[in-house]
Engineer: 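The structure under discussion is supplied below as structure tokens; questions concerning it will follow.
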Amino acid sequence: MHTSERTVHGVEYTLEDGPARAVVTGVGAAIRALAVGGVDLTPGYPPDRLRPFYSGTVLAPWPNRVRDARWVYRGSTQLLDVTEPQRGNALHGLLCFTDYRLVEQTGNTVMLGAQVFPQHGYPFHLDTTVHYRLAEDGLHATHTIDNLGSDPAPVALGTHPFLCIGDVPTAELTLTVSADTHIDVDERLNPTGTSPVQGGYWDLRAGRRVADLDLDDAWTGLHITDGASVHSLRAPDGRTVSLWADEDFGYIQVFTTRRYPVGDRFVTAVAVEPMTAPADALNSGEGLRWLDPGDRWSASWSIRYRADGQ
């Protein structure tokens, strides 16, 4: 079953399939809510409230930051809008507040699309889609980018889901990041290099309590098994919610906050964000994909829930 309703986040699409339910917004093609068997897997936010911290939003044609909101293309400096003024960067691409069009909606799926038109700082023409499919254990997403222009276009993808497990305080969850290399950053959160995580603060391979972490950090050197990496949050009773991402997503960002708004109070929340490129990829070229005119590229990720004993 599926329904739609217009809110301050554009048209919202409600998907239901057995024990699973999701709400996807038109603005930013964001996941506003996701639950399996009545267990919330995202902290969510009301339909009449401003989306907090880019919750669930698609990040394209680049995730994370562009240092100083500028980069060089064919010898010419490209100037983007500064959308993170406190740090002087361009943040999270060009589609976060775009109202995506409905491409297709059938049963437990919805496909939304938005174009990136040539503009200052990014003179390329793209068509992008995201296809969400609800399953009994969570939600699967496939992103596609087509280069509609006449020049090769630099592209990267990310998304910004916050994860939780029902009414278990997020601070009590154990976070596991399956990665060997931390991306070091400066005070403006732009990359300065990498370092191995072995035995240090950034080593989350064996899991650490969210209460003990303060993160706005990225990792690479992800552990790939059967074509994907998996990163998870585990409750004390053994239940887990996992972020699964295919090999195109070679980077993972984790963001923690103690000020995620729920009702009239603030709670701890954690975003586990798959990315195909790290911060400042338009300058470094790291993880960046160049699409020739007419080329198409797709990448997929999922949120998956497992109850105790499974």
Side-chain angles (χ1 to χ4, degrees), residues 1-60 63 92-93 95-114 128-143 157-167 170 233 241-243 253 255-257 259-274 301-305:
M1 183 176 74
H2 58 79
T3 60
S4 60
E5 180 180 357
R6 180 167 290 279
T7 73
V8 297
H9 306 288
V11 176
E12 291 196 336
Y13 305 91
T14 299
L15 307 177
E16 296 182 356
D17 184 10
R21 180 180 185 272
V23 179
V24 177
T25 71
V27 174
I31 301 166
R32 187 171 70 77
L34 175 63
V36 171
V39 177
D40 288 329
L41 304 181
T42 65
Y45 52 94
D48 60 347
R49 295 281 295 274
L50 182 66
R51 176 185 64 205
F53 299 106
Y54 292 89
S55 289
T57 305
V58 175
L59 315 176
H92 289 336
L95 296 177
C96 291
F97 296 96
T98 294
D99 193 4
Y100 280 61
R101 68 187 186 277
L102 176 64
V103 178
E104 180 181 273
Q105 188 177 10
T106 58
N108 63 343
T109 72
V110 66
M111 181 184 290
L112 303 176
T128 77
T129 62
V130 54
H131 181 269
Y132 290 113
R133 177 178 59 83
L134 193 63
E136 289 190 356
D137 64 346
L139 188 68
H140 182 75
T142 297
H143 302 260
L157 280 167
T159 189
H160 206 293
F162 280 81
L163 303 181
C164 67
I165 300 178
D167 58 358
T170 295
L233 289 164
V241 58
S242 298
L243 191 292
Q253 179 93 11
F255 169 69
T256 59
T257 177
R259 295 190 59 79
Y260 195 98
V262 174
D264 59 356
R265 62 194 178 96
F266 294 108
V267 301
T268 296
V270 57
V272 183
E273 312 164 36
W301 62 278
S302 301
I303 298 171
R304 297 176 176 177
Y305 174 66

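Worth knowing before you read on, the calculation uses all heavy atoms, side chains too, and leaves out hydrogens, waters and symmetry mates.
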Engineer: Evaluate V241 against I303 for side chain to side chain contact (heavy atoms under 4.5 Å, CB included), listing each step before the verdict.
Structural biologist: CA-CA 7 Å; V241 58; I303 298 171; 3.7 Å; yes

Engineer: When rounded to the nearest 0.5 angstrom, what is the spacing between CG in L41 and CD1 in I165?
Structural biologist: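 Output value for this atom pair is 8.0 Å.
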
Engineer: Atom CG of L15 and atom CG of L134: how far apart are they, to the nearest 0.5 Å?
Structural biologist: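 So the gap between those two atoms works out to 6.0 Å.
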
Engineer: Measuring from T14:OG1 to Q105:CD, what's the distance to the nearest 0.5 Å?
Structural biologist: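 Those atoms lie 9.0 Å apart.
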
Engineer: Counting C-beta onward and ignoring hydrogens, is there a side-chain heavy-atom pair between P63 and E273 closer than 4.5 Å?
Structural biologist: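 Heavy-atom side-chain distance check fails, nothing below 4.5 Å.
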
Engineer: Can you tell me how far CG of L139 sits from CH2 of W301, rounded to the nearest 0.5 angstrom?
Structural biologist: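 Answer rounded to 0.5 Å: 6.5 Å.
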
Engineer: Before you tell me yes or no, could you show the steps for T57 and H92 under side chain to side chain contact (heavy atoms under 4.5 Å, CB included), namely the whole-Å CA-CA distance, both residues' side-chain angles and the distance that decides it to 0.1 Å?
Structural biologist: CA-CA 9 Å; T57 305; H92 289 336; over 6 Å; no

Engineer: Within the 4.5 Å heavy-atom criterion, are R259 and P52 side-chain neighbours or not?
Structural biologist: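 Of all side-chain heavy-atom pairs linking P52 with R259, none is under 4.5 Å.
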
Engineer: Would a distance-only check, ignoring hydrogens and angles, find a side-chain to backbone donor-acceptor pair under 3.5 Å from D99 to G10?
Structural biologist: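 Answer holds: no.
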
Engineer: Within the 4.5 Å heavy-atom criterion, are T170 and F162 side-chain neighbours or not?
Structural biologist: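 The answer is no; the side chains never approach within 4.5 Å.
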
Engineer: So, do L95 and V58 sit near enough that their side-chain heavy atoms are less than 4.5 Å apart?
Structural biologist: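 With C-beta onward as the side chain, the pair stays apart.
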
Engineer: For A22 and L34, work out which heavy atoms get closest and say how close.
Structural biologist: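 That would be CB-CD1, 3.9 Å.
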
Engineer: Measuring from M111:CE to T106:OG1, what's the distance to the nearest 0.5 Å?
Structural biologist: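 Reported value, rounded in 0.5 Å steps: 9.0 Å.
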
Engineer: If we only count heavy atoms from C-beta on, is the T25 to T7 side-chain gap below 4.5 Å?
Structural biologist: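 In short, these two side chains do not touch, never coming nearer than 4.5 Å.
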
Engineer: Is there a side chain to side chain contact (heavy atoms under 4.5 Å, CB included) between V11 and L102? Walk through the geometry before answering.
Structural biologist: CA-CA 9 Å; V11 176; L102 176 64; over 6 Å; no

Engineer: Closest approach of R101 and A114, non-hydrogen atoms and distance?
Structural biologist: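 Heavy-atom minimum between the residues: NH1-N, 3.3 Å.
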
Engineer: Given L243, which partner from the list L233, V272, T159 fulfils the side chain to side chain contact (heavy atoms under 4.5 Å, CB included) test?
Structural biologist: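 Among L233, V272, T159, the one that satisfies the side chain to side chain contact (heavy atoms under 4.5 Å, CB included) with L243 is V272.
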
Engineer: Could you walk me through whether Y100 and T128 satisfy the side chain to side chain contact (heavy atoms under 4.5 Å, CB included) test, starting with their C-alpha distance in whole Å, then the side-chain angles of each, then the deciding distance to 0.1 Å, before giving a yes or no?
Structural biologist: CA-CA 9 Å; Y100 280 61; T128 77; 4.1 Å; yes

Engineer: Is the closest side-chain heavy-atom distance between V8 and V27 below 4.5 Å?
Structural biologist: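 No - every pair of side-chain heavy atoms lies 4.5 Å or more apart.
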
Engineer: Are the side chain of Y305 and the backbone N or O of D40 linked by a donor-acceptor pair below 3.5 Å?
Structural biologist: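 Pair absent, no side-chain N/O of Y305 close to backbone of D40.
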
Engineer: Do you know the tightest heavy-atom contact between Y260 and S55?
Structural biologist: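 The pair with the smallest heavy-atom distance is OH-OG, 3.0 Å.
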
Engineer: Using modelled atom types only, decide if a donor and an acceptor are shared between the side chain of T142 and the backbone of H131 within a distance under 3.5 Å.
Structural biologist: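 No, T142 side chain to H131 backbone: no donor-acceptor pair under 3.5 Å.
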
Engineer: Of the non-hydrogen atoms in A135 and A20, which two are nearest, and what is the gap between them?
Structural biologist: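 Distance-wise, the nearest heavy atoms are O-CB, 3.1 Å.
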
Engineer: Near R49 CZ, under 6.0 Å, is it more than 12 heavy atoms from other residues, nucleotides or ligands?
Structural biologist: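 Open: at most 12 neighbouring heavy atoms sit under 6.0 Å from CZ of R49.
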
Engineer: Does any non-hydrogen side-chain atom of S302 lie less than 4.5 Å from one of S242?
Structural biologist: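 S242 vs S302: side chains apart.
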
Engineer: How are the rings of F53 and F255 set relative to one another: parallel (under 30°), tilted (30 to 60°) or perpendicular (over 60°)?
Structural biologist: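 Aromatic pair F53/F255 classed tilted.
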
Engineer: Measure the CZ-NE2 distance between R32 and H9 for me, rounded to the nearest 0.5 Å.
Structural biologist: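 It comes to 6.5 Å.
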
